There are 2 protein chains.
Amino acid sequence: MKKAEATRLTILEKAFELIYVKGYQTTSIDDIIATTRVTKGAFYYHFKNKDEMGLAIINELLKPTLVGSFIGPLQSAADPSTAIYELMHNLLMENEFLKVEYGCPAANLTHEMTSWNADFNQALNELTGQWTESMTQLIERGKLNGTIRKDVNARQVVMFVMAGYWGIRNFGKLERNKEAYLPYLEELKNYLETLR
Amino acid sequence: MKKAEATRLTILEKAFELIYVKGYQTTSIDDIIATTRVTKGAFYYHFKNKDEMGLAIINELLKPTLVGSFIGPLQSAADPSTAIYELMHNLLMENEFLKVEYGCPAANLTHEMTSWNADFNQALNELTGQWTESMTQLIERGKLNGTIRKDVNARQVVMFVMAGYWGIRNFGKLERNKEAYLPYLEELKNYLETLR
DNA sequence: CCAAAAACATACTAGTTAGTATGTTTTTGG
DNA sequence: CCAAAAACATACTAACTAGTATGTTTTTGG
């Protein structure tokens with residue numbers, strides 16, 4: 001049972017790439033089997049239907065990536081202002097997996113799927129919930145170790161910062177150029193400094 | 001040539017509602033003619049194809065709304081911190097046209113259309129460009145009248161604020177509840193106060 | 001090694017899509 | 001009032017969609 005797992009993974013990875021670029025609805029099963037060179041029989045052997053594959057992409061590809069790239073860098077950090085800025089800088093400017101013209105995969109799926117597919121909504125909510133959680137804990141730690149003011153409301157800050165991240169991805173899509181990220185990052189730095 | 005214009009406008013308005021709720025790609029021409037009770041012949045008399053209709057929605061419906069609801073409140077304002085907060089509060093909490101579960105129409109279209117349709121991209125870019133412009137001017141005025149610090153970078157602030165607005169709409173979609181907006185708005189207020 | 005299960009392959013279907021061809025009705029200007 | 005243009009109506013098409021029916025091949029455990 002090794003080759004079969006590889007086939008399944010190929011489908012998930014290639015389908016994810018297509019969906020990241022084209023969107024979920026406009027990526028057809030025929031698109032997926034054409035680029036994976038896996039037949040329709042194989043596809044439907046591994047997935048009951050398209051939505052089950054979509055959920056598998058979120059749970060099996062996006063979640064681990066989220067933990068690695070979005071949450072990991074926050075867990076060991078002691079200085080929240082610096083850690084959050086550097087995380088955002090890395091995600092926006094350096095991460096070679098996330099392309100400016102295609103935005104943030106989780107945000108794309110949220111925009112497209114939410115409000116008509118409850119399962120996707122829940123899976124995506126868990127995704128952002130984990131990120132929120134880890135960033136909130138970081139700020140609370142900062143309040144304890146003196147790097148963040150005691151009167152700062154962690155939940156507010158996290159919502160504010162995460163909203164900014166998702167929104168600036170939208171600008172990147174529009175302008176198709178990472179330059180759009182720079183003024184945002186500069187002001188994010190200014191804002192984060194006010195929390196000290 | 002009065003009735004014909006009414007037909008055209010009906011198509012645009014009903015199509016916009018459908019697209020706002022369901023998305024552009026998943027709103028079919030057949031959906032549109034069914035809800036408008038306009039026949040396909042009439043539809044294609046008024047619009048060369050679906051994309052031409054989509055662009056007409058942006059240019060003839062979204063742009064005027066943008067000027068009225070997003071730009072108007074900024075033009076007469078003297079105190080940028082207050083004006084921007086109140087604009088956002090109004091857009092998020094009070095505007096009865098924008099529904100929390102469906103997000104921001106312009107952001108939705110940006111997410112969906114950009115990166116595969118250059119015409120939509122340009123139209124949407126113009127839309128956000130106008131908003132950016134008016135908010136930048138407001139901040140510059142604030143720097144002159146003493147309500148904003150001289151060392152504030154207007155462009156940075158505008159990108160930061162607008163990114164936040166678009167991003168928090170995403171949270172609203174996920175949680176389907178305006179409560180998600182409240183911590184964001186509180187922190188926005190805090191942030192805007194630091195610009196004084 | 002060999003049967004049974006797992007994994008994959010091919011050909012199809014029924015429904016939906018944007019768009020067109022070809023009409024008929026309604027409006028308008030002289 | 002009446003022809004011509006504008007506005008609309010109906011019936012169709014070709015391409016695409018997710019999904020299925022029915023196979024064949026490959027792998028695996030005893």
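Note that the structure is a prediction, hence the values are computed from the model and not measured. Letters go in sequence order (proteins before strands), and every chain restarts at 1.
- Atom CZ in A:Phe43 sits roughly 17 Å away from atom P in D:dA21 (whole-Å rounding).
- Judged by Watson-Crick or G-U wobble contacts below 3.5 Å, the nucleotide D:dC16 has C:dG15 as its partner.
- Atom CD in A:Glu5 sits about 13 Å away from atom P in C:dA6, given to the nearest Å.
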Exercise. Would you please test B:Glu187 and B:Asn190 for side-chain hydrogen bond (donor to acceptor under 3.5 Å, both in side chains) and show each step?
Key: CA-CA 5 Å; B:Glu187 196 60 22; B:Asn190 288 343; 3.1 Å; yes
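- If you look at A:Tyr181 and A:Phe171, their ring centroids are not closer than 6.0 Å.
- Look at C:dG30: its Watson-Crick or wobble partner, with both distances under 3.5 angstrom, is D:dC1.
- Across the protein-nucleic acid pair, A:Lys3 atom NZ and D:dT25 atom P stand 15 Å apart, rounded to whole Å.
- Pairing for D:dT22 goes to C:dA9, judged as Watson-Crick or G-U wobble with the two contacts each under 3.5 Å.
- With hydrogens and angles disregarded, no donor-acceptor distance shorter than 3.5 Å links the side chain of A:Arg169 to the backbone of A:Pro105.
- The side chain of A:His46 places an N or O atom within less than 4.0 Å of a non-bridging phosphate oxygen (OP1 or OP2) of C:dC8.
- The side chain to side chain contact (heavy atoms under 4.5 Å, CB included) test with B:Ser69 is passed by exactly one of B:Leu98, B:Asn95, B:Leu87: B:Asn95.
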Self-check item: B:Asp79 vs B:Arg196, salt bridge (Lys or Arg N to Asp or Glu O under 4.0 Å): CA-CA, chis, key distance, verdict
Solution: CA-CA 10 Å; B:Asp79 178 356; B:Arg196 289 188 190 276; 3.2 Å; yes
Close N or O pairs between protein and nucleotides 15-19 of chain C (under 3.5 Å):
{"unit_1": "C:dA18", "atom_1": "OP1", "unit_2": "B:Lys50", "atom_2": "NZ", "d": "3.1"}
{"unit_1": "C:dA18", "atom_1": "OP2", "unit_2": "B:Ile29", "atom_2": "N", "d": "2.8"}
{"unit_1": "C:dG19", "atom_1": "OP2", "unit_2": "B:Tyr44", "atom_2": "OH", "d": "3.4"}
{"unit_1": "C:dG19", "atom_1": "OP2", "unit_2": "B:Lys50", "atom_2": "N", "d": "3.0"}
{"unit_1": "C:dG19", "atom_1": "N7", "unit_2": "B:Lys40", "atom_2": "NZ", "d": "3.4"}
{"unit_1": "C:dG19", "atom_1": "O6", "unit_2": "B:Lys40", "atom_2": "NZ", "d": "3.0"}

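- The CD1 atom of A:Ile32 sits 15 Å away from the C1' atom of D:dC16 (whole-angstrom rounding).
- When all heavy atoms of A:Ile139 and A:Pro80 are compared, the pair lying nearest together is CA-CG, 4.3 Å.
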